[in-house]
There are 2 protein chains.
Amino acid sequence: MDRYMKEAIKEAEIGIERRHGGPFGAVVVRDGKIIGRGHNTVVHTHDPTSHGEIVAIREASKAIESFDLSDCELYTTSEPCPMCYSAIHWSRIPVVYYGATKEDAAKIGFDDQLLYDILPRQEKFEKIKLVQIDREECLEVFEKYEEDEERQLY
Amino acid sequence: MDRYMKEAIKEAEIGIERRHGGPFGAVVVRDGKIIGRGHNTVVHTHDPTSHGEIVAIREASKAIESFDLSDCELYTTSEPCPMCYSAIHWSRIPVVYYGATKEDAAKIGFDDQLLYDILPRQEKFEKIKLVQIDREECLEVFEKYEEDEERQLY
């Protein structure tokens with residue numbers, strides 16, 4: 001099997017052994033070297049965002065002191081959920097290798113289908129109530145930001 | 001204006017002043033009290049996942065030592081991107097108040113439309129290459145997880 005996927009699986013196994021959360025692991029690879037690794041620690045750290053991919057991406061970006069991981073690849077034991085897909089997008093990782101599918105994950109109790117159904121169309125957000133308030137004041141913040149000519153765009 | 005949105009805006013303003021990243025702020029409220037606050041720190045921390053909402057959610061879950069924020073509300077200066085929407089879903093926050101729209105954010109250079117276009121259908125992931133490998137080995141990890149009868153489901 002793939003050597004990097006083997007490492008991602010090792011991470012998932014650590015998570016199972018320590019009961020840190022769901023059975024998911026991931027590694028970020030750059031120039032053949034693993035620069036970030038992680039497993040799901042939602043139960044252990046109480047952080048709902050600490051999926052394996054997010055943990056690995058955070059470690060990798062810290063390691064190279066850049067939010068731009070466009071020269072990296074991600075290996076994950078299971079197809080990323082929309083949160084992790086989006087994090088991959090923001091981190092600019094161009095290639096993702098995954099093992100189990102989201103249907104496989106759903107079978108063991110980790111179903112993200114709802115997110116796929118609701119994300120493309122806000123009006124479908126029946127589960128999460130969305131209320132728009134104070135738009136004008138928030139737009140003023142954008143104006144302040146744009147006034148700073150030395151801001152770093154990304 | 002809304003008192004909690006005012007606090008979210010204060011966060012966004014700190015981010016602009018310190019050049020931490022995009023002009024976005026958020027707070028998590030529980031029983032009328034702010035238990036988590038954050039602004040975008042992508043540039044400052046190099047962490048591509050550190051959007052205002054994620055930072056606020058992480059702080060809130062740490063504060064109450066639970067990944068379950070179902071008795072909380074989130075206030076954010078701008079409509080959450082799919083990563084943050086998904087994080088809100090996983091944290092079980094049922095109500096989100098937002099100010100500026102994603103179209104407003106796109107106008108100042110923060111466009112997440114691509115994510116909305118590609119998330120519902122994997123085959124549209126042209127920008128991020130997805131490769132499935134080693135599914136069987138990854139499924140074995142799921143089996144190990146299911147064998148642990150004391151695992152905490154979430």
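Chain A is the first sequence line, chain B the second, and so forth, proteins listed ahead of strands; every chain is numbered from 1. The basis for the numbers below is simple: all heavy atoms, side chains too, and nothing from hydrogens, waters or symmetry mates.
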Determine the minimum heavy-atom distance between [X] and [Y], stating which atoms define it.
X	Y	result
A/R19	B/R151	NE-N, 4.2 Å
A/A100	B/R135	CA-CG, 4.2 Å
A/W90	B/D111	CH2-O, 4.0 Å
A/P48	B/S91	CG-CB, 3.6 Å
A/D47	B/S61	CA-OG, 3.8 Å

Gap separating the [atom1] atom of [X] from the [atom2] atom of [Y], nearest 0.5 angstrom:
X	Y	atom1	atom2	value
B/T49	A/M83	OG1	CE	8.5 Å
A/M1	B/E136	CE	CD	11.0 Å
A/T45	B/F67	OG1	CZ	10.0 Å
A/E147	B/I16	CD	CD1	9.0 Å
B/H89	A/D112	NE2	CG	7.5 Å

**Prompt:** Does B/Q132 use its side chain to pair, donor to acceptor, with the backbone of A/G99 at less than 3.5 Å?
**Reply:** yes
**Request:** Give a yes or no on whether the backbone of A/D2 and the side-chain of B/D134 come within a donor-acceptor separation of less than 3.5 Å.
**Result:** yes
**Message:** Does any part of the side chain of B/P82, heavy atoms only, come nearer than 4.5 Å to the side chain of A/P82, both counted from C-beta?
**Reply:** no
**Asked** Under a 4.5 Å cut-off applied to non-hydrogen side-chain atoms, are A/P23 and B/K144 in contact?
**Response** no
**Message:** Please classify the contact between A/A8 and chain B as side chain, backbone, both or neither, with a heavy-atom cut-off of under 4.5 Å.
**Reply:** neither
**Asked** Heavy-atom distance under 4.5 Å to chain B: side chain of A/T101, backbone, both or neither?
**Response** both
For [X], is it the side chain, the backbone, both or neither that has a heavy atom under 4.5 Å from a heavy atom of chain A?
X	answer
B/A60	neither
B/S78	side chain
B/E146	side chain
B/E150	both

Of all of [options], which one pairs up most often with chain A through heavy atoms under 4.5 Å apart?
options	value
B/D148, B/I133, B/V141, B/D68	B/I133
B/T77, B/D104, B/I9, B/L69	B/D104
B/C84, B/G22, B/A12	B/G22

**Fill in**
B/E65 meets the side chain to side chain contact (heavy atoms under 4.5 Å, CB included) criterion, sequence neighbours left out, with A/H46
**Prompt:** A/Y145 vs B/F110 aromatic rings, parallel, tilted or perpendicular, using cut-offs 30° and 60°?
**Reply:** tilted
Is there a path of hydrophobic side-chain contacts, each under 4.5 Å between heavy atoms, that joins [X] and [Y]?
X	Y	result
A/V42	A/I14	no
B/Y75	A/L139	yes
B/F24	B/V55	no

